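Accompanying notes for the structure given below.
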Amino acid sequence: MPDLLLELFSEEVPARMQAKAADDLRRMVTDKLVAEGLVYEGAKAFATPRRLALTVHGIPARQPDLKTERRGPKIGAPDAAVQGFLKATGLKSLDEAKIQRDPKGDFYIALIEKTGRDAVDVLAEILPVIIRTFPWPKSMRWGARSGKPGSLNWVRPLHAITATFGLETEEPDVVKFSVDGIESGQTTYGHRFLAPAAISVRRFEDYEAKLLDAKVVLDPERRKDAILTDAKQLAFAQGFELVEDQNLLDEVAGLVEWPVVLMGSFEPEFLATPAEVIRATIRNNQKCFVVSDAKTGKLANKFILVANIEATDGGKTIIAGNERVIRARLSDAKFFYETDLKTKLEERLPKFEQIVFHEKLGTQAERIQRIERLVAEIAPLVGADVAKTTRAAHLAKADLLTEVVGEFPEVQGLMGKYYALAQGEDASVAAACEEHYKPQGPADRVPTDPVSVAVALADKADSLAGFWIIGEKPTGSKDPFALRRAALGIVRLILERQLRLSLLQFFDRACDGFSPNLPGEEKTEAFAAHRFSQAPDMGPARSERYYVSADLLGFLADRLKVQLRELGARHDLVDAVFALDDQDDLLMIVRRVEALGKFLDTDDGKNLLAGTKRASNILSIEEKKDKRSFDGAPDAALYGLDEEKALAKAIGEVKAEASAAVAKEDFAAAMSAMAKLRPPVDAFFDKVRVNDDDTRVRENRLKLLNEIRSATRAVADFSKIQD
């Protein structure tokens with residue numbers, strides 16, 4: 001079957017837009033093809049700085065013929081309805097329609113046949129629409145063509161369109177169309193400087209080969225591999241190691257069509273500046289890679305650049321130009337760093353009194369004070385020194401006001417560590433200045449120093465509590481304050497550091513810092529919407545804080561499900577444990593979930609789950625029928641069958657044994673106790689009719705079923721577990 005080749009040739013497309021643009025082009029074209037009945041075999045898109053390209057393989061040469069039936073009015077319907085039906089279906093008279101019998105009457109049916117078109121004609125219709133409606137995040141409209149103003153919005157001026165369609169064994173057809181005066185054809189162009197002449201292409205295979213001859217590597221992945229391999233080899237040849245940077249590699253591959261790797265250098269005295277600052281300077285300003293000494297692992301005074309041209313002088317001029325710019329940028333960075341060292345971190349803090357953190361949550365200075373108060377309470381719980389922890393919280397945000405962080409925001413925290421060490425702060429205090437932002441994602445490392453852990457927890461809890469209080473919770477599509485990341489950070493800190501915290505109390509303390517600033521009677525929907533239907537009797541303000549804390553606990557439960565799901569655990573087991581009262585210790589919740597998962601993998605667990613659900617279903621039906629619940633202890637005098645007596649006895653023993661095991665946090669033993677319920681539950685449902693004719697016996701047996709549900713709740717709410 002025929003293949004499509006499409007190329008959109010333009011001025012340089014920004015590197016950050018190329019990957020998505022290629023994917024959008026593939027998606028839009030293939031979606032349109034499928035919608036037109038042209039089901040293809042495969043498609044792949046490519047991007048270079050000056051072109052988007054797409055090849056679609058195995059497109060049918062022609063649309064299939066379609067036959068559809070359209071139902072019309074009833075026989076005897078008004079003439080207006082009949083005429084409308086004839087006009088819509090293209091029938092000349094009702095004699096051409098069929099009659100379909102129906103219980104509601106006889107209806108006219110039109111058989112509509114639509115002859116399929118040639119695929120090349122369909123492509124000529126859909127491709128210009130796709131080009132005109134292409135979803136660039138930013139676009140421009142440029143100069144006039146033939147005396148008329150341009151009408152096409154495109155990311156950069158579009159110069160040529162290549163569009164061919166045909167079989168491999170035949171000369172392909174040009175898909176003929178025009179967009180803003182640009183006629184489609186078979187002509188593209190090679191490298192801007194090395195091979196700028198026009199190139200005539202037929203299909204994708206010779207298109208890709210001819211571009212390569214014209215110094216254009218079409219596939220971005222191939223460009224990345226070439227850059228990475230050449231950079232590593234060039235560094236190795238001179239005794240260095242490349243400091244790899246995937247994001248920079250992705251960007252640089254989008255800046256060049258013919259990558260040429262070169263090495264430059266800078267003065268050794270700049271190495272007195274922190275390595276991260278040097279790297280950020282060279283990366284951000286010149287898009288160059290840094291290298292390290294292979295023996296010491298320390299940054300070397302060399303850098304690797306990627307040019308887009310094979311220079312006649314071997315790249316000497318290009319290297320010299322980059323060295324000149326990098327030397328100037330490193331001089332600025334060195335000046336910023338040395339200037340920052342002249343002012344101690346605490347001397348910068350008064351400026352925070354004039355900087356608003358959020359209009360409803362006060363200044364940065366107030367936020368720092370809240371975090372200091374909170375870490376003083378957290379420190380003993382995580383084994384951290386209180387004095388060091390409060391000192392770290394006091395200084396942790398100060399580097400935001402430094403020159404280096406102002407220039408390179410990505411090194412915030414890290415520079416705080418350097419400045420803290422330079423002014424003689426304790427190593428744990430300095431480490432917390434950097435690590436209190438961590439973990440910033442599922443792959444980021446978790447701090448190990450207790451001081452860092454305490455400040456990290458306080459920092460994240462303050463953000464969550466504050467934004468919850470003012471009603472700025474994340475939505476399905478928006479999370480402008482990165483609150484999901486903060487919640488996941490707390491989850492990972494607790495689990496990976498094996499911390500025992502009551503989260504309700506933890507968030508209550510965090511909310512406490514906002515009490516003086518709460519806007520009168522303002523409440524968030526969280527106060528009333530959470531599953532905790534009634535807060536303890538603690539006064540209005542305390543009750544509001546309780547609801548915020550409870551809602552935040554539910555939010556962390558959702559983050560915990562995400563985390564456990566990535567580790568292969570079942571989210572429904574998290575629901576089953578969280579459904580119990582007073583479950584706000586994440587570490588114990590996870591241990592209980594692990595034990596529950598192992599139990600449900602056994603035959604005893606599966607059968608007990610089935611029996612428990614059967615009991616719950618019967619109870620739900622009967623409670624709805626009687627409009628009452630069947631709480632309260634069953635009357636032993638009404639047990640008429642041995643299976644009832646055996647089940648009642650087993651429930652009493654298991655409930656006591658399981659509760660004792662849970663109190664000792666021995667969840668494996670609790671599950672073993674639960675397993676003892678399986679035989680009497682199975683026997684009960686096998687021999688006992690719950691809905692007995694005697695209403696007193698029926699009620700007693702329903703109470704006994706409720707006891708099964710109550711007994712299993714010692715370890716989890718089995719009704720939340722999926723079969």
Side-chain angles (χ1 to χ4, degrees), residues 11-19 47-50 190-195 215-271 273-294 297-334 407-408 410-411:
E11 294 296 324
E12 276 74 4
V13 178
R16 67 183 182 279
M17 298 183 186
Q18 292 172 20
T48 80
R50 296 207 298 162
H191 192 282
R192 182 185 289 275
F193 306 111
L194 301 177
K215 306 297 185 181
V216 175
V217 179
L218 180 64
D219 190 342
E221 293 303 319
R222 187 173 172 182
R223 295 198 300 275
K224 292 177 192 178
D225 291 343
I227 292 169
L228 187 59
T229 300
D230 291 351
K232 285 182 175 180
Q233 290 178 350
L234 181 58
F236 179 77
Q238 300 193 34
F240 303 114
E241 290 182 348
L242 177 71
V243 178
E244 295 187 35
D245 187 329
Q246 185 60 50
N247 291 333
L248 179 58
L249 179 62
D250 293 341
E251 184 175 8
V252 171
L255 297 174
V256 297
E257 290 191 320
W258 189 253
V260 178
V261 175
L262 303 168
M263 179 178 283
S265 63
F266 54 87
E267 286 71 19
E269 55 263 30
F270 289 124
L271 294 176
T273 307
E276 293 83 0
V277 177
I278 295 174
R279 183 178 179 183
T281 301
I282 293 175
R283 181 191 195 281
N284 294 0
N285 292 297
Q286 287 302 104
K287 311 304 178 188
C288 295
F289 298 86
V290 296
V291 299
S292 60
D293 188 295
K298 294 182 179 180
L299 209 63
N301 63 318
K302 301 284 184 179
F303 64 90
I304 288 179
L305 63 97
V306 182
N308 191 34
I309 188 172
E310 292 176 343
T312 56
D313 63 355
K316 292 181 181 178
T317 302
I318 297 173
I319 292 171
N322 278 271
E323 287 178 340
R324 184 168 58 253
V325 176
I326 284 176
R327 187 178 301 114
R329 297 296 188 181
L330 288 178
S331 294
D332 291 342
K334 185 172 181 289
E407 185 73 13
F408 306 110
E410 65 267 30
V411 297

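This is a predicted model, so every value here is computed, not measured. All values below were derived from every heavy atom in this structure, side-chain atoms included, with hydrogens, water molecules and symmetry-related copies excluded.
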Do you know the tightest heavy-atom contact between [X] and [Y]?
| X | Y | result |
| --- | --- | --- |
| Ile318 | Ala307 | CD1-CB, 4.0 Å |
| Gly254 | Pro49 | O-CG, 3.3 Å |
| Ile282 | Val290 | CD1-CG1, 3.8 Å |
| Val243 | Ser292 | CG2-N, 4.0 Å |
| Ala253 | Ile227 | CA-CD1, 4.0 Å |
| Gly264 | Ile319 | CA-CG2, 3.8 Å |

Has [X] got a side-chain atom pairing as donor or acceptor with [Y]'s backbone, closer than 3.5 angstrom?
| X | Y | answer |
| --- | --- | --- |
| Asn301 | Phe266 | yes |
| Arg279 | Pro274 | no |
| Glu407 | Ala333 | no |

Roughly how far, to the nearest 0.5 Å, is [atom2] of [Y] from [atom1] of [X]?
| X | Y | atom1 | atom2 | value |
| --- | --- | --- | --- | --- |
| Lys302 | Glu323 | NZ | CD | 8.0 Å |
| Lys215 | Ile309 | NZ | CD1 | 11.0 Å |
| Asn322 | Met263 | CG | CE | 13.0 Å |
| Leu249 | Leu228 | CG | CG | 6.0 Å |
| Leu248 | Phe289 | CG | CZ | 4.0 Å |
| Ile278 | Glu276 | CD1 | CD | 9.0 Å |

Step-by-step side chain to side chain contact (heavy atoms under 4.5 Å, CB included) determination, Ile304 to Val291
CA-CA 8 Å; Ile304 288 179; Val291 299; 3.8 Å; yes
Would you say Gln246 and Asp250 are linked by a side-chain donor-acceptor pair, where the criterion is simply a distance under 3.5 Å?
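Yes, side-chain donor-acceptor contact under 3.5 Å.
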[X] versus [Y]: any side-chain heavy-atom pair under 4.5 Å?
| X | Y | result |
| --- | --- | --- |
| Asn284 | Glu410 | yes |
| Trp258 | Val217 | yes |
| Ile326 | Thr281 | no |
| Val306 | Leu255 | no |
| His191 | Arg50 | no |
| Glu257 | Glu12 | no |
| Asn247 | Arg283 | yes |

Show your reasoning for whether salt bridge (Lys or Arg N to Asp or Glu O under 4.0 Å) applies to Lys224 and Glu221.
CA-CA 5 Å; Lys224 292 177 192 178; Glu221 293 303 319; 3.2 Å; yes
In this structure, which one of Val216, Thr48, Asn308 forms a side-chain contact (heavy atoms from CB on, under 4.5 Å) with Val256?
Asn308
Around atom [atom1] of [X], are there more than 12 heavy atoms of other residues, nucleotides or ligands at under 6.0 Å?
| X | atom1 | answer |
| --- | --- | --- |
| Lys334 | NZ | no |
| Arg16 | CZ | no |
| Arg329 | CZ | no |

